[in-house]
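Source: prediction; values computed, not measured. Every heavy atom of this structure was used, including side-chain atoms; hydrogens, water molecules and symmetry mates were not.
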Amino acid sequence: MADGDIEEFIEQNRHLAELIDTFRSISESEKHWKSRREFIFRNINDYEDPHLDHLLALSMVWANNVFLGCRYSPVLLDKVKEMAEGIVVLDPPVFKTRDEIVKQKH
């Protein structure tokens with residue numbers, strides 16, 4: 001779904017949008033939430049009750065990887081990256097490992 005498609009989907013599914021908005025964490029920035037919210041909207045039809053918690057966990061894995069640089073198993077990361085295909089995160093943070101930083105200094 002393109003950004004405009006998500007907004008149109010939200011307008012057509014106001015009750016679902018209100019439910020999804022209850023899943024926002026108080027620590028999420030607007031940028032972080034907008035992207036994670038899109039991830040949830042894109043995949044919610046595949047994870048309806050009683051599997052909604054699984055979708056929310058996967059959305060956090062994806063967002064934590066993108067915005068915080070958290071690492072997870074390759075299988076899990078491949079799954080969430082596939083689920084997030086097409087989501088555009090503007091100006092994502094760039095993370096370097098300690099080894100990359102040390103290598104850069106020499």
Side-chain angles (χ1 to χ4, degrees):
M1 276 186 210
D3 200 31
D5 294 339
I6 289 291
E7 293 306 318
E8 183 178 329
F9 181 81
I10 290 169
E11 286 304 315
Q12 294 174 358
N13 296 278
R14 195 68 358 259
H15 65 286
L16 182 59
E18 289 172 4
L19 171 67
I20 289 174
D21 284 342
T22 66
F23 303 134
R24 182 178 183 176
S25 170
I26 60 171
S27 63
E28 285 180 290
S29 68
E30 189 64 32
K31 178 179 175 179
H32 186 136
W33 171 240
K34 183 179 178 189
S35 297
R36 190 166 78 89
R37 184 179 191 228
E38 182 174 348
F39 182 99
I40 295 168
F41 271 117
R42 285 173 178 259
N43 295 286
I44 197 154
N45 289 333
D46 298 328
Y47 290 89
E48 293 179 6
D49 274 339
H51 307 288
L52 191 54
D53 285 347
H54 191 174
L55 173 60
L56 296 177
L58 291 169
S59 74
M60 290 301 296
V61 166
W62 175 75
N64 288 345
N65 175 256
V66 170
F67 293 102
L68 304 176
C70 296
R71 294 182 179 187
Y72 300 92
S73 74
V75 172
L76 180 58
L77 281 178
D78 287 346
K79 178 176 182 66
V80 296
K81 286 177 181 178
E82 181 181 314
M83 292 171 71
E85 194 170 309
I87 297 175
V88 176
V89 177
L90 299 176
D91 195 28
V94 177
F95 300 98
K96 292 185 179 183
T97 65
R98 180 188 57 81
D99 291 342
E100 290 172 326
I101 294 169
V102 169
K103 190 176 184 179
Q104 208 173 26
K105 289 183 179 182
H106 294 289

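Side chain of K31 to main chain of L90: a donor-acceptor pair is present (N/O by atom type, distance under 3.5 Å, no hydrogens or angles).
The two residues W62 and I87 come nearest to each other via the heavy atoms CH2-CG2, 3.8 Å. The two atoms that bring L58 and V80 nearest to each other are O-CG1, 3.6 Å, heavy atoms only. The minimum heavy-atom distance between L55 and I44, with the atom names listed, is CD2-CA, 3.6 Å.
Using bins of under 30°, 30° to 60° and over 60° for the plane-to-plane angle, the ring pair H54/Y47 lands in the perpendicular bin. Taking the six-membered ring where the residue is Trp, F67 and H32 present parallel rings, their angle staying beneath 30° rather than reaching 60°.
L68 is linked by a side-chain contact (heavy atoms from CB on, under 4.5 Å) to N64, C70, counting only residues two or more places apart in sequence or in another chain. Evaluation of the side chain to side chain donor-acceptor pair (under 3.5 Å) rule for S29 yields no partner, not counting sequence neighbours. The side chain to side chain donor-acceptor pair (under 3.5 Å) check on K81 picks up nothing, with sequence neighbours excluded. Residues meeting the side chain to side chain donor-acceptor pair (under 3.5 Å) test with N43, sequence neighbours left out: none. Qualifying side chain to side chain donor-acceptor pair (under 3.5 Å) partners for S25, counting only residues two or more places apart in sequence or in other chains: S27.
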Check step by step if side chain to side chain contact (heavy atoms under 4.5 Å, CB included) holds for K79 and V61.
-> CA-CA 10 Å; K79 178 176 182 66; V61 166; over 6 Å; no
Could you give me the CA-CA distance, side-chain angles and deciding distance for E38 and R42, then say whether salt bridge (Lys or Arg N to Asp or Glu O under 4.0 Å) is met?
-> CA-CA 6 Å; E38 182 174 348; R42 285 173 178 259; 2.7 Å; yes
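In this structure, F95 shares a hydrophobic cluster with no other residue, the cluster being traced through Ile, Leu, Val, Met, Phe, Trp and Tyr side chains under 4.5 angstrom apart.
The CZ atom of F41 lies 4.0 Å from the CD1 atom of I20; values are rounded to the nearest 0.5 Å.
M60 and L76 sit in two unconnected hydrophobic clusters of ILVMFWY residues. Membership requires side-chain heavy atoms under 4.5 Å apart, directly or through other members. Residue F39 is grouped with residue L77 when hydrophobic side chains (ILVMFWY) are merged at heavy-atom distances under 4.5 angstrom, including chains of intermediate members.
Sequence neighbours left out, the pairs with a member in residues 19-29 that pass salt bridge (charged side-chain N to carboxylate O under 4.0 Å, His left out) are D21-R37, R24-E30, E28-R36.
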